[in-house]
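What follows is a set of notes on a single structure, which appears directly below.
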Amino acid sequence: MTATTKTVTTDLSSTTKDGLGASPRRPDGTLKVTGEFAYSSDLWMEGVLWGATLRSPHPHARILGIDITEALKVPGVEAVLTHEDVPGTKRYGLEFQDQPVLAYDKVRYKGEAVAVVAADHPETARRAMERIKVDYEVLAPVSDSVRAAHDPEYPLVHEEGSLEIHEEYHQRGNRVRHQPIRTGDFVGVAESGEGQQEVLERLRAQADAVVAAEYEVGMQDQAFLGPESGMAVPAEDGGVDLYVATQWLHVDQKQIAPALGLPEDKVRLTLAGVGGAFGAREDLSMQIHACMLALRTGKPVKFVYNREESFYGHVHRHPAKMRYEHGARADGTLLYATMEIIVDGGAYASATPAVVGVASSLGIGPYEVPHVLVDAYGVYTNNPPCGAMRGFGAVQACFGYESQMDRLAEELGMHPVALRVKNAMSQGSRIITGQEIDMPLPMAEMLERARDLPMPVERTELEDPSDQRTLPGGVAGTTRGEGVVRGVGYGVGLKNLCFSEGFDDYSTARVRLEVVAGEPVVLVHTAAAEVGQGLVTVKGQIARTELGVEKVAIAPSDTQVGSAGSSSASRQSYMTGGAVKMACEAVRESVYALARERGVVPASVSDSDLSLAGGKIVSESEGVLVSLADLLGESAAGGTVVEETREHHHRPTEMLDPTLGQGASHTQFGMCVHRAVVDVDVELGLVKVVALDAVQDVGKVLHPQQLAGQIQGASAQGLGLALMEEIQVKDSEIRNPSFTDYLIPTILDMPPMRIDVLEHPDPHAPYGLRGAGEPPTLSSTPAVVAAVRDATKRPLRHAPVRPEDIVGIDL
């Protein structure tokens, strides 16, 4: 990884060796590598019971009755609970309270929770679960997302009156949200009708090239390795302590407490070891069920999903159906663009409204287009529920608009990079919602840098071109090189970072400075979820940089401190990092004030002349004034402890206008450009990705090694969506709920990556940083598909690309 533009907006001249800009070892790294790290599935207490969940075998059915009599007779069973046992509100939800704690009138997707069991052994719980009798009236599933969006006669997933109308999103029928966007000549044009068609015909007549196509993105799974798990422990005060792998402790707490009929302060959460997340842990899984069973039995209750249950027990990436049309001048200048995207939210809303907001606002990509018509829909069906996943609506749209850019470049006889550069946005541009990009956006430079990176050697130039490890299909020996064609493709995506559309996004940090065993020690306490991204390391780096202290401890994340928001939206370094920075600054100011009070800072020395470095207060003009150990004294012997708590809020955003889709809805923008090189066996439909190089602007590199890992990991997930990852759903049922049949990239599928990092600071962000974890997920998928398209000369409008798409067989 090379840093190509170095600009720093904050003084980072601390003498600490493991401050910002360094790559200190992760405190959890060694334990994870050696297998000693305690994940949520490893939790244990004496006398713990095991929980199990009975799930619906039908995607759509009425519940006529539930009989738990035989389950209660199984020796070792201590509780069997149904919807009748929910002590508080019967529904919960991430944005809308539309999901039952346990199904009571209907089941709306296969795998929906109907009853839960607690027993002294997991097999006992499973056997009891199988004895629960549920009388179902099976109904035809609502499975067609296009009909759900547009057909008023299509059956409803949620009957009229069963849910409050979501007026801010103009929901009707099976629509969770419809978000239109209109600019230029499309302003004032209705959702459909003659006016829209008249404008389109006029613009088509002005264009020298018009391309239109339909695209589809399949349902992707987050595929984290640690399944849903956690343990609830009843407390003496009538409350409950929950240890769980999650992405947002406080939003879990806000959903759990009403269902239990308890005040929030009686439901205490502590983050357990998280084995990956990628969005799927934003929604609840076993949390309420474990707490209900613990409160009923008076004993700790532990849940651990198996892999198949995990596929049913969490949300997935929304599958999308898209229709695009672009018109351009002969020189490549974009004239107009239209887009319709329908994302299938499945049975419950989850994050669907926000996904629609992102997909619509970024639906045309980072391109200057004067006339735009966008209609984005999120719908209810009886398909598996979908919600947050890395890239969050922007991934699906990016595949569509980047595929269009390639088709348009071909139509005009232009290089695909040249067309993109011709229409590239930059700082001062406005996206289609009218929001100004008021931060650096060196898109043209990034595209050219990606294009000019060294190409991998041709296969024929390898020492042994017939080495199976270098061929599509690998060591399976399916090809000897005959029919293998090389292709090159590009992808660029624009991603919003942090939360959007008026959400008061904030994070809280408490920082404590004291002297222990003669040395200054800092304790950083937040509720932020470490889900593998390395935030636990970055918090320590910030504290070392701001306070000049080597010893920094990170307290366990829990709800005993204010909310840190979700570990999603590439926001934690920005938001929690910003909160830690603010709290550290407040601690530093308190230390300076204490030093002045005790007379160790001359009156002639201003605070701007002071710094903390090497555990000492240092004056630029006077030198070392006092050590922190001497100033504060030993905390155990009555010394001074300095502690400060601060909240960091990002700048305000606003909801998109429901008619024209205008508004400054986003906090920050991030961008990555990929160039993919592939070898394709066009006769067998096999693909080997030879190179997947990335250029990304991150504003400020905080931890170079972790940054590289984020870009590599995001690119791997994008490669998976391009070539292999898809949950197969037929008649609303998942057909491949296992890692045997649901394929994810392994180390053998990932090629070498050149990573070129730019640092153009965002003036609105702490340290000028820019969230880095999501943008590579956008651009990697269309880049890989474009490269396969280049090799095969086939349209390839579905992600992932299937072997039959490559060889041209209609299955």
Side-chain angles (χ1 to χ4, degrees), residues 8-24 27 508-526 535-555 573 576-648 700-703 766-769:
V8 178
T9 55
T10 306
D11 180 14
L12 303 180
S13 57
S14 166
T15 58
T16 56
K17 63 181 176 62
D18 286 337
L20 294 175
S23 290
T508 313
R510 182 181 301 146
V511 174
R512 176 186 178 98
L513 173 65
E514 60 185 321
V515 175
V516 178
E519 290 188 72
V521 176
V522 174
L523 178 67
V524 179
H525 189 187
T526 77
L535 180 68
V536 67
T537 319
V538 170
K539 288 189 291 186
Q541 288 179 272
I542 292 172
R544 293 185 191 98
T545 297
E546 297 295 338
L547 298 177
V549 172
E550 288 291 348
K551 288 195 173 181
V552 178
I554 308 299
S573 291
T576 297
V580 172
K581 180 177 184 288
M582 289 175 64
C584 286
E585 289 169 344
V587 166
R588 190 170 63 225
E589 291 170 6
S590 296
V591 168
Y592 292 164
L594 181 65
R596 290 187 183 280
E597 180 184 312
R598 295 183 179 176
V600 297
V601 177
S604 60
V605 175
S606 66
D607 280 4
S608 61
D609 187 57
L610 299 176
S611 64
L612 296 181
K616 302 176 179 64
I617 300 179
V618 180
S619 164
E620 186 176 344
S621 57
E622 303 290 332
V624 175
L625 300 179
V626 65
S627 71
L628 293 176
D630 289 339
L631 177 69
L632 301 178
E634 190 75 29
S635 59
T640 302
V641 175
V642 181
E643 182 176 283
E644 299 286 352
T645 301
R646 292 293 184 272
E647 282 185 0
H648 179 233
K700 168 64 188 170
V701 178
L702 304 186
H703 190 296
Y767 304 113
L769 67 85

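Along the sequence shown, the residues carry numbers beginning at 1.
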field: Intermediate values then yes/no, side-chain contact (heavy atoms from CB on, under 4.5 Å), Leu628 and Leu547
entry: CA-CA 10 Å; Leu628 293 176; Leu547 298 177; over 6 Å; no

Give the minimum heavy-atom separation between [X] and [Y], together with the two atoms involved.
{"X": "Ala586", "Y": "Arg646", "answer": "CB-NH2, 3.2 Å"}
{"X": "Ala595", "Y": "Leu631", "answer": "CA-CD1, 3.9 Å"}
{"X": "Ala629", "Y": "Gly518", "answer": "CB-O, 3.6 Å"}
{"X": "Val522", "Y": "Ala543", "answer": "CG1-CB, 4.1 Å"}
{"X": "Gln541", "Y": "Ala22", "answer": "NE2-O, 3.2 Å"}
{"X": "Ala509", "Y": "Ala583", "answer": "O-CB, 3.8 Å"}

Report the distance from atom [atom1] of [X] to atom [atom2] of [Y], rounding to the nearest 0.5 Å.
{"X": "Thr537", "Y": "Ile554", "atom1": "OG1", "atom2": "CD1", "value": "8.5 Å"}
{"X": "Glu643", "Y": "Leu513", "atom1": "CD", "atom2": "CG", "value": "10.5 Å"}
{"X": "Met582", "Y": "Ile542", "atom1": "CE", "atom2": "CD1", "value": "12.5 Å"}
{"X": "Lys539", "Y": "Ser573", "atom1": "NZ", "atom2": "OG", "value": "10.5 Å"}
{"X": "His648", "Y": "Thr526", "atom1": "NE2", "atom2": "OG1", "value": "14.0 Å"}
{"X": "Tyr767", "Y": "Leu702", "atom1": "OH", "atom2": "CG", "value": "8.0 Å"}

Within the distance-only criterion (no hydrogens, no angle test), does the side chain of [X] pair as donor or acceptor with the backbone N or O of [Y] below 3.5 angstrom?
{"X": "Glu644", "Y": "Cys584", "answer": "no"}
{"X": "Ser635", "Y": "Glu514", "answer": "no"}
{"X": "Ser23", "Y": "His703", "answer": "no"}

message: Under a 3.5 Å threshold, yes or no: a donor from one side chain and an acceptor from the other, between Arg598 and Thr640?
response: yes

field: Student check: side-chain heavy atoms of Arg596 and Leu610 closer than 4.5 Å
entry: yes

message: Do Ser619 and Val601 make a side-chain contact, defined as non-hydrogen atoms from C-beta onward lying under 4.5 Å apart?
response: no

task: Mind running side-chain contact (heavy atoms from CB on, under 4.5 Å) on Lys17 and Glu550 for me, showing each step along the way?
output: CA-CA 8 Å; Lys17 63 181 176 62; Glu550 288 291 348; 4.2 Å; yes

message: I'd like to know if Arg588 pairs up with Asp607 as an ion pair, taking the criterion as any Lys NZ or Arg NE/NH1/NH2 lying under 4.0 Å from an Asp or Glu carboxylate oxygen.
response: no

- prompt: Should Val521 and Val549 be marked as a side-chain contact (heavy atoms from CB on, under 4.5 Å) after you check the CA-CA gap, both sets of side-chain angles, and the distance that decides it?
  reply: CA-CA 7 Å; Val521 176; Val549 172; 5.8 Å; no

message: Under the criterion side-chain contact (heavy atoms from CB on, under 4.5 Å), I'd like the reasoning laid out for Ile617 against Leu612: C-alpha separation, chi angles, the key distance, then a yes or no.
response: CA-CA 5 Å; Ile617 300 179; Leu612 296 181; 3.6 Å; yes

